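Below is one structure, written out as structure tokens; comments come after it.
Order of appearance sets the numbers: ligands from 1, and atoms from 1 within every ligand. Both backbone and side-chain heavy atoms feed into the values below; hydrogens, waters and symmetry mates do not. No experiment lies behind these values; they were computed from the predicted model shown.
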Amino acid sequence: MSLKLNYYGHSCFSIEINGKTLLFDPFITGNELAKHIDVNTIKADYILLSHGHFDHVGDTVAIAKRTNARVIANVEVAHWASKQGVAQTHGLNTGGRFAFDFGSVKCVNAIHSSVMPDGVYGGSPVGFVIEYAGGALYYAGDTALTMDMKLIPMICPKLTLAVLPIGDNFTMGVADAVIASDFIECDNILGVHYDTFGWIKMGHARAQQAFSDKGKTLHLMAIGETKEF
Ligand code: NI
Ligand code: MN
């Protein structure tokens, strides 16, 4: 079964599995590069937030209120979302897995920081391993390269796709992401968290070469593009 993915810029993307739309880190209206995306047309049954930073929480509250999507995040971020008036939330914490109607979500370690846009404590940043009928996806969130990534192939089936930050400065850069792809035993990588801000502008061809030199594929999608993996 192929995995249909829509890319909305920075670390925001959605996937459709088992008839449900999962939207990740919807930072859209604040993204200068995503001005052509109409946030009011974006579908979501679930919104997954990796941590509390503004470039991930973004339009979550508005989209959740419009779509009645359930926000899945660490307990602190989920609690913050409910205080903003989001009706449906589900808090997890690092190491925890829960079975939803589309498949399961497991929170894995991310080495980063987390605070809500209003300064409220944002808990520990996380990545997500999503298992569904016919595949598995790893979204690393914002993270450094970490040995903990070696645990991922031990705790889930072969990954269909991994979504990794590659922009450097705030997260892993390309060289570390290539090593991460070894750790997670996945050769099919979607790069995110690059180009949005001056400090994370990146040479695309060079990044893709670094992966292809190791026999791997780095996908870099246009903002608004849809692709099947
Ligand atoms: Ni961050
Ligand atoms: Mn970020």
Check whether any N, O or S atom of His193, backbone or side chain, sits closer than 2.8 Å to the Mn ion (ligand 2). yes

Using a cut-off of strictly less than 2.8 Å, determine whether His112 has an N/O/S atom near the Mn ion (ligand 2). no

Given the side-chain rings of His204 and Tyr194, with only the six-membered ring counted for Trp, is the space between their centroids under 6.0 Å? yes

Ring centers of His53, Phe170 separated by less than 6.0 Å: no

Of the N, O or S atoms in His53, the one nearest the Ni ion (ligand 1): ND1

Asp142: which N/O/S atom is nearest the Ni ion (ligand 1)? OD2

Of all the N, O or S atoms in Asp142, which has the shortest distance to the Mn ion (ligand 2)? OD2

Of all N, O or S atoms in Asp55, which has the smallest distance to the Mn ion (ligand 2)? OD2

Indicate whether the side chain of Asn188 and that of His219 have a donor and an acceptor atom separated by less than 3.5 Å. yes

Quick one about Lys43 and Thr21 (side-chain donor to acceptor, distance below 3.5 Å, no hydrogens or angles considered), yes or no? no

Within His56, is some N, O or S atom less than 2.8 Å away from the Ni ion (ligand 1)? no

For Phe102 and Phe100, take the angle between the two ring planes, folded into 0 to 90°, and tell me which bin it lands in: parallel under 30, tilted 30 to 60, perpendicular over 60. parallel

Once rounded to 10 degrees, what value does the angle at the Ni ion (ligand 1) take between NE2 (His51) and NE2 (His112)? 100°

I'd like to know whether NZ of Lys214 has more than 12 heavy-atom contacts from other residues, nucleotides or ligands below 6.0 angstrom. no

